[in-house]
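Below, chain A is the first sequence line, B the second, and so on; all start at residue 1.
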There are 2 protein chains.
Amino acid sequence: MARTTGSDGERTEAAVREAAVNLIARYGYEAMSMRQLAAEVGVQAAALYRYFPTKEDLLFTLMREHMEGLREAWERARPFDADPAEQLAAYVRNHIAFHIGRRHATHVSNMELRSLSPDRLTQILKQRTAYEKELRTILREGAEAGDFSIEDTGLTAMALIQMMTGVIVWFRPGERLSVTEVTATYLSMTMRLVGARMDTYSAARPLDGQRTQ
Amino acid sequence: MARTTGSDGERTEAAVREAAVNLIARYGYEAMSMRQLAAEVGVQAAALYRYFPTKEDLLFTLMREHMEGLREAWERARPFDADPAEQLAAYVRNHIAFHIGRRHATHVSNMELRSLSPDRLTQILKQRTAYEKELRTILREGAEAGDFSIEDTGLTAMALIQMMTGVIVWFRPGERLSVTEVTATYLSMTMRLVGARMDTYSAARPLDGQRTQ
DNA sequence: GAATTAATTGAACGTTCGTTTTATTATCGT
DNA sequence: ACGATAATAAAACGAACGTTCAATTAATTC
């Protein structure tokens with residue numbers, strides 16, 4: 001009826017995060033109860049409050065770290081001194097790989113925004129906007145260089161991001177298509193969508209090894 | 001403390017539906033309480049149960065009728081005896097017009113699926129799959145006729161639908177772009193995405209009056 | 001104008017929710 | 001071995017939840 005043998009704060013907190021992502025992704029933030037989460041971790045509900053002061057703090061932490069992870073992944077994957085088409089390709093590859101690898105966390109970050117308080121919502125949206133701006137910049141530079149033919153940069157960026165993020169809705173690992181195949185197809189769809197001149201990324205050459213992460 | 005003067009079942013039920021769509025879209029199904037909904041309608045919570053036996057029945061009704069409306073709209077907009085490109089254009093126009101016109105209902109139908117019981121979830125998904133299959137058919141026939149060049153019909157259909165439905169996330173009526181402009185741009189993006197041969201739907205000819213609904 | 005039906009209220013039911021408080025035990029540093 | 005601290009359990013809090021029920025009044029029917 002108190003501290004249990006072998007209990008460890010770090011391990012418990014990690015277990016709480018993981019269980020929370022899965023439960024929120026499956027049932028939704030409002031539908032997941034703190035008791036349900038505690039039971040999944042194998043602990044009493046009161047113990048959760050040692051790590052997260054409120055339920056919303058838990059949600060916010062998950063979202064913020066997800067967005068930070070996304071930006072960090074892009075910082076690492078981003079190719080400098082590359083033409084717009086290559087930068088766009090890197091963006092697409094990174095986006096799809098990251099989101100397929102963290103399907104549940106992405107679901108949470110996309111679906112539970114309305115459960116955040118106004119300031120926290122603003123923080124997350126700021127992170128998201130900054131990430132999306134990178135894509136708009138690539139598209140604009142590509143259009144200015146004559147590599148892409150785009151009617152509306154902002155609208156195209158939104159269309160692309162929704163198309164790519166949508167992968168997590170239907171993609172299931174181990175089914176008909178592999179991550180590599182899906183990425184290759186999305187890459188060629190993207191290049192056609194932005195009117196990239198060359199057919200470098202068509203079906204004929206689906207993968208070119210470099211930076212598939 | 002009983003029936004109020006001027007009360008009318010049909011009007012009340014319609015008011016409940018409308019308020020429910022708006023509240024669920026804004027706060028989420030779980031977060032919306034029956035008392036909150038009743039207050040929005042100007043009625044006591046108990047009165048709601050004259051029209052919908054449970055909260056989930058209300059949600060299911062909203063979703064089912066939204067999906068039925070989508071299919072009916074497509075039945076009316078669908079052009080027979082048209083080439084694949086024209087059929088695809090009609091599909092895109094109808095999809096965007098319908099979803100922009102019912103942003104809140106679309107949000108509900110897309111976000112609250114997990115709050116349905118298993119059988120009802122199956123029913124809604126069946127309707128959705130049937131609607132999506134129409135797009136796949138158009139894509140396949142266009143690809144077979146050589147009008148489109150598509151790598152994977154199913155994957156392309158999903159990508160297109162997510163791209164189009166994503167409009168409701170950022171589109172706000174009366175802002176920078178009009179529905180007509182957005183539709184035209186999405187149309188040309190779609191045609192490029194599927195590798196349509198002709199440039200009929202490019203920026204040079206964004207609108208051709210016919211069937212803009 | 002009386003009887004019937006439609007529409008709603010107000011109060012209550014039991015349950016579950018997020019959270020707090022207090023006590024208790026394990027672990028760690030010395 | 002012992003004091004300090006970390007980690008948890010157990011119980012309880014008030015509030016809110018979906019839903020039900022009986023009572024009451026407006027509208028309709030005959």
Check the phosphate of D/dT25 against B/T5, side-chain N and O only, distance under 4.0 Å to OP1 or OP2. Yes or no? no
Please list residues of residues 27-60 of chain B whose heavy atoms come under 4.0 Å from any atom in DNA chain C, ordered by number; otherwise none. B/R35, B/V43, B/Q44, B/A46, B/A47, B/R50, B/Y51
Measure the spacing between NE2 of A/H107 and CZ of A/R26 and express it to the nearest 0.5 Å. 12.0 Å
When rounded to the nearest 0.5 Å, the distance separating CG of A/L155 from CE of A/M158 is 9.0 Å
Atom pairs and distances, donor-acceptor, side-chain atoms in residues 164-177 of chain A, under 3.5 Å, two or more places apart:
unit_1, atom_1, unit_2, atom_2, d
A/T165, OG1, A/H95, NE2, 2.9
A/T165, OG1, A/I161, O, 2.8
A/R176, NH1, B/D152, OD2, 2.9
A/R176, NH2, B/D152, OD1, 3.3
A/R176, NH2, B/D152, OD2, 3.4

Taking CZ from B/R3 and P from D/dT25, how many angstroms apart are they, rounded to a whole number? 14 Å
Residue set satisfying side chain to side chain contact (heavy atoms under 4.5 Å, CB included) with B/H104, at least two apart, ordered chain then number -> B/V21, B/N22, B/A25
Quick one: are the ring centres of A/Y131 and A/Y91 less than 6.0 Å apart? yes
Considering only side-chain heavy atoms of B/T4, which listed nucleotide, C/dT8, D/dT8, D/dT24, is closest? C/dT8
